[in-house]
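Below is one structure, written out as structure tokens; the observations come after it.
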Amino acid sequence: MFKGEKGELVYKSNELIEAQYELSAAAQKVAATLISKIDPNGGELPRFNLTVVEYAQMFGIARQSAYEMIDNVTSELKRVLIVLREPGSRSFTKLSLFRECHYTEEEKRVEFEFEERLDKHLRDFAGNFTRYQIRQIKKLKSKYSIRLYELLRKSHPIKTTKNVTFFEVDLPQLKSMIGIGNQKIYKEYANFRWRVLLKAQKELHELTDIDFSFEPIRLGRKVHAVKFIVKHNKNHQEPLPAKPEALQEITLPPELESLKALIIQFIPNITDKTILLLCEVPRVVIMDSLMAYAGKSASETIEKPLAYFMAIVQQKVKEEAEADGKKPDSTLDKLLDRSWDVGFDIDG
């Protein structure tokens, strides 16, 4: 993922920020996560993968529940239509977000390919871009709150020197941009204010780095625009991540300390939890894996040592089982599902 000073960053052109489209909160979070993987100064848009485990982690759900949600979200992301309108003109461009979303059951992952014509809207070539930290939207529940956060972040950039910024927008345009359109339930401003604006105001204050207030702008008795007053949320503090039970501190038995001492010479960031898991793997497989890793690291730099080493172990466990004419046992499943292991980068 592309990292800024305080975490993964989502880059979107201002035209894309103000585009008209409707996506559920889940689909918006998946799209933003994938966009945050793009190098804003890189070459061609690569394909990106999202594993079932990563997806389950993202939404705090069991893997079994993730399959159905993945099916629904990929359908939503594939059919969404993004409308880019030219300011002061009736001209517009309609684009899809992804060319392809391909799920592989054997690997339990989805491969996403962005629509190539979005390239200029996802990478900062011209400087006319908005960026924000992906973690700011991860806990937002309302799809309208996520879109409103993006619009307000455009108005009030991360590094702005202003204490307060103002953003005024026509009411019909605002509704279109956040995905409401002509829904009858929000036709009256009172309903829109209560169900969307006040809810977003509360969510953004409690969960993000933005605070805002707003006031209606009337033409006669009718509200025709909304003025937002945006500022940094000084009361916002990043919550400390909860420590899952599986990550509580452990003490290795003496017989495994020697194994750890051996492996740590090659993989300095290996955890005691992983050492406990590796005790289920035949020692000859571990030694073969270390030799393979050492040979590879001698000829080139390995960016993610732990992920690379575990991939070698996974493959050798599988090969050994197949050589014996057996199916890999639960050890391989545990090696593949490493969502509990602190510090493990699932992209690696």
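Quick caveat: nothing in here was measured; it's all calculated off a predicted structure.
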message: Applying salt bridge (Lys or Arg N to Asp or Glu O under 4.0 Å) to Arg109 and Glu54, what does each step give before you reach the verdict?
response: CA-CA 9 Å; Arg109 64 179 175 86; Glu54 187 177 16; over 6 Å; no

Heavy-atom pair of closest approach, residues [X] and [Y]:
| X | Y | answer |
| --- | --- | --- |
| His156 | Asn163 | CE1-O, 3.8 Å |
| Leu140 | Lys29 | O-NZ, 2.8 Å |
| Ser142 | Lys199 | CB-CE, 4.1 Å |
| Leu16 | Arg147 | O-NH2, 4.4 Å |
| Ala200 | Leu148 | CB-CD2, 3.7 Å |
| Ser155 | Val230 | OG-CG2, 4.4 Å |

Measuring only between side-chain heavy atoms, which start at C-beta, is [X] closer than 4.5 Å to [Y]?
| X | Y | answer |
| --- | --- | --- |
| Met58 | Met69 | no |
| Leu34 | Phe114 | yes |
| Lys141 | Ser145 | no |
| Pro305 | Phe266 | no |
| Val30 | Ile70 | no |
| Leu204 | Asn233 | no |
| Phe48 | Ile35 | no |
| Tyr189 | Leu197 | yes |

Within this structure, what is the [atom1]-[atom2] distance for the pair [X] and [Y], rounded to the nearest 0.5 Å?
| X | Y | atom1 | atom2 | result |
| --- | --- | --- | --- | --- |
| Gln20 | Phe92 | CD | CZ | 10.0 Å |
| Ser13 | Leu84 | OG | CG | 7.0 Å |
| Tyr55 | Thr74 | OH | OG1 | 8.0 Å |
| Lys37 | Ile134 | NZ | CD1 | 10.0 Å |
| Ser289 | Gln315 | OG | CD | 10.0 Å |
| Arg131 | Lys12 | CZ | NZ | 16.0 Å |

Joint hydrophobic cluster, [X] plus [Y], side-chain heavy atoms closer than 4.5 Å:
| X | Y | answer |
| --- | --- | --- |
| Ile217 | Val223 | no |
| Trp194 | Phe214 | yes |
| Val169 | Leu219 | no |
| Met287 | Phe309 | yes |
| Leu198 | Ile180 | yes |

message: Tell me whether the rings of Tyr11 and Phe129 are parallel (<30°), tilted (30 to 60°) or perpendicular (>60°).
response: tilted

message: Tell me if the CD atom of Glu68 is crowded by more than 12 foreign heavy atoms within 6.0 Å.
response: no

Does [X] come within less than 4.0 Å of [Y], counting only side-chain N to carboxylate O?
| X | Y | result |
| --- | --- | --- |
| Glu113 | Arg47 | yes |
| Glu206 | Lys202 | yes |
| Arg79 | Glu76 | no |
| Arg153 | Glu150 | no |

Checking the side chain of [X] only, and the main-chain atoms of [Y] only, is there a donor and an acceptor separated by less than 3.5 Å?
| X | Y | result |
| --- | --- | --- |
| Gln28 | Lys143 | yes |
| Arg135 | Glu8 | no |
| Gln136 | Asp209 | yes |

- request: Evaluate the criterion side chain to side chain contact (heavy atoms under 4.5 Å, CB included) for residue pair His232 and Thr160; output intermediate values, then yes/no.
  value: CA-CA 9 Å; His232 181 68; Thr160 183; over 6 Å; no

task: For Leu151 and Phe228, run side chain to side chain contact (heavy atoms under 4.5 Å, CB included): C-alpha distance rounded to whole Å, both residues' side-chain angles, the deciding distance at 0.1 Å, then the answer.
output: CA-CA 10 Å; Leu151 288 168; Phe228 292 92; over 6 Å; no

task: Kindly confirm or rule out a cation-pi arrangement of Lys175 over Tyr186, judged by NZ or CZ under 6.0 Å from the six-membered ring centre and within 45° of its axis?
output: no

message: Quick one, Lys234 with Asp211, criterion salt bridge (Lys or Arg N to Asp or Glu O under 4.0 Å). Give me CA distance, side-chain angles, the key distance, then yes/no.
response: CA-CA 8 Å; Lys234 294 182 179 180; Asp211 254 341; over 6 Å; no

message: side chain to side chain contact (heavy atoms under 4.5 Å, CB included) for Ile82 and Glu115? Distances and angles first, verdict last.
response: CA-CA 11 Å; Ile82 297 175; Glu115 167 57 57; over 6 Å; no

message: Applying side chain to side chain contact (heavy atoms under 4.5 Å, CB included) to Ile146 and Leu23, what does each step give before you reach the verdict?
response: CA-CA 10 Å; Ile146 297 175; Leu23 283 172; over 6 Å; no

